[in-house]
S.K.: 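Got a structure here, written out as structure tokens. Questions coming.
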Number of protein chains: 2
Amino acid sequence: MLTVEDILHAIEDGGYRATGSRRRLLETLAARGEGFTAEELVGEVRGVGRATVYRTIRLLLRQGLLCKLTLQDGAPRYSLSRVGHHHHVVCVRCGAVRDFRQSVIERILKDLEVGEGSAVVGHRIEVYVVCPGCREAGVATSPTAATG
Amino acid sequence: MLTVEDILHAIEDGGYRATGSRRRLLETLAARGEGFTAEELVGEVRGVGRATVYRTIRLLLRQGLLCKLTLQDGAPRYSLSRVGHHHHVVCVRCGAVRDFRQSVIERILKDLEVGEGSAVVGHRIEVYVVCPGCREAGVATSPTAATG
DNA sequence: AGCATGAAAGATACTCAGTATCAATACTTG
DNA sequence: CAAGTATTGATACTGAGTATCTTTCATGCT
């Protein structure tokens, strides 16, 4: 798992400054780690403005240190990246995020040059679950409709 | 491909009315078919208010007649559903949408009960491509970064 | 240490996507 | 046709994020 220092170094390596605001923000963010919204950060980080929170998120996304995912209802969420390319398993109840990567799937999608000369330039996979914790805590699992 | 009449029937079967606004909207929507934004519809359908456009979109989504997808940058887009569960191949240039379904992938994701007792309740797969048309018309393919 | 300079921060206004509210209108059915 | 409910439109609002612009901070230089 990346530490605050690791991330600050990565930021500096990218030619950006390791400022106090960024450090404070990263501390909050690292404490959350898996699955949070931008507005949660805005609310939790004291003394750092909304704009800066969003700017920093954008910076981290560009550097590949953070990733943005989409819940079933389309709501955005963020999660720290620990590795390169991966996908997400998100709990629809608590928003916790686990990463996963299945080379089989990667390969299928990559090969999917869709028979018609389309060049695959990327993909996104999100798997929605009810995590063990929420399953116990919880009400019955509503068999949520698929995406499309 | 679903016709306007098919969709209106489905709406009625769901206990909703097949009104003039809905018909006009569906005509525009069917003419677009694959890949459009809500605001495009708002702009194109004459004499139907914004609220009604969004309400109808929501209705169609609930009925599974329309699906909402997410571009690489997170921008939302809609596409008529022709079949049940499927995923999307979206051109990052022109926004055209093709559907696809790979039972292999479905199975893998379904089985992904993630070793830890999480119940999979859904998933979303989006594949981003440059379609043949845009590839020809186009500038060089920028090797877009993956999701996360 | 003092200062110049550019990056970063904060405040705020704005955009885009979508929802809520509520009064007015359109359907439908008895 | 009247009653009653669904639908509509206008409009205000929310949530997520960006743009702008002025101030502040970090850095390198002397």
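Labels below follow one simple rule: chain letters A, B, ... track the order of the sequence lines, proteins then strands, and each chain is numbered from 1. Values reported hereafter were calculated over all heavy atoms of this structure, with side chains retained and with hydrogens, waters and symmetry mates removed.
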S.K.: For the pair made of CZ in B/Arg46 and C1' in D/dG9, what is the distance, rounded to whole Å?
M.R.: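 These atoms are roughly 14 Å apart.
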S.K.: Hey, would you say the A/His85 and A/His123 ring centroids sit under 6.0 Å apart?
M.R.: yes
S.K.: State, without any angle test, whether A/Tyr128 and B/Arg124 hold a side-chain donor-acceptor pair at a distance under 3.5 Å.
M.R.: yes
S.K.: From D/dG9, C/dG6, C/dA17, pick the nucleotide closest to the side chain of B/Val48?
M.R.: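 Among D/dG9, C/dG6, C/dA17, the one nearest the side chain of B/Val48 is D/dG9.
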S.K.: Atom CD1 of A/Ile11 to atom P of C/dA7: distance rounded to whole Å?
M.R.: 16 Å
S.K.: Hey, which of these two, A/Glu39 or A/Glu12, hits DNA chain D nearer its 5' end, going by closest nucleotide?
M.R.: A/Glu39
S.K.: Between C/dT28, D/dT8, D/dG17, which one does the side chain of B/Arg17 approach most closely?
M.R.: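 The closest nucleotide is C/dT28.
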S.K.: Send over the distance from A/Arg77 CZ to D/dG17 P, rounded to a whole Å.
M.R.: 12 Å
S.K.: How many Å lie between NZ on B/Lys68 and P on C/dC16, as a whole number?
M.R.: 16 Å
S.K.: Mark yes or no for whether B/Arg77, through its side chain, and B/Leu71, through its backbone, hold a donor-acceptor pair below 3.5 Å.
M.R.: no
S.K.: List the atom of B/Val53, the atom of B/Ala38, and the distance in Å for their closest heavy-atom pair.
M.R.: CG1-O, 4.1 Å
S.K.: Return whichever of B/Thr37 or B/Ala18 has its heavy-atom-nearest nucleotide of DNA chain C closer to the 5' end.
M.R.: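 Nearest nucleotide further toward 5': that of B/Thr37.
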S.K.: With respect to the phosphate group of C/dA7, does any side-chain polar atom (N or O) of A/Thr19 fall under 4.0 Å of OP1 or OP2?
M.R.: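 For A/Thr19, the contact criterion (side-chain N or O under 4.0 Å from OP1 or OP2 of C/dA7) is not met.
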S.K.: From D/dT27, C/dA9, D/dT8, pick the nucleotide closest to the side chain of B/Arg22?
M.R.: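 Of D/dT27, C/dA9, D/dT8, D/dT8 is nearest to the side chain of B/Arg22.
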S.K.: Round to the nearest Å and state the distance from A/Leu8 atom CG to C/dA8 atom C1'.
M.R.: 14 Å
S.K.: Does the pair B/Arg82/B/Glu34 count as a salt bridge with the N-to-O cut at 4.0 Å?
M.R.: yes
S.K.: Please classify the nucleic acid contact of A/Gly47 as base, sugar-phosphate, or nothing, using heavy-atom distances under 4.0 Å.
M.R.: sugar-phosphate
S.K.: Hey, is the side chain of A/Tyr78 poking within less than 4.0 Å of OP1 or OP2 on D/dG17, counting only N and O atoms?
M.R.: yes
S.K.: Would you say the side chains of A/Tyr78 and A/Arg32 form a donor-acceptor pair under 3.5 Å?
M.R.: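 Checked: A/Tyr78/A/Arg32 side chains show no N/O donor-acceptor pair below 3.5 Å.
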S.K.: Between A/Gln102 and A/His87, does any side-chain donor sit less than 3.5 Å from a side-chain acceptor?
M.R.: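 On atom types as modelled, these side chains do not qualify, holding no pair under 3.5 Å.
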S.K.: Once you round it to whole Å, what is the distance between P of D/dG9 and CG of B/Leu41?
M.R.: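 Rounded to the whole Å, the gap is 14 Å.
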S.K.: Among residues 50-62 of chain B, which residues get a heavy atom nearer than 4.0 Å to DNA chain D?
M.R.: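 Result for residues 50-62 of chain B: B/Ala51, B/Thr52, B/Arg55, sorted by number.
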S.K.: Calculate the interatomic distance between A/Leu25 atom CG and C/dG10 atom P; express it in whole Å.
M.R.: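 Answer to the nearest Å: 10 Å.
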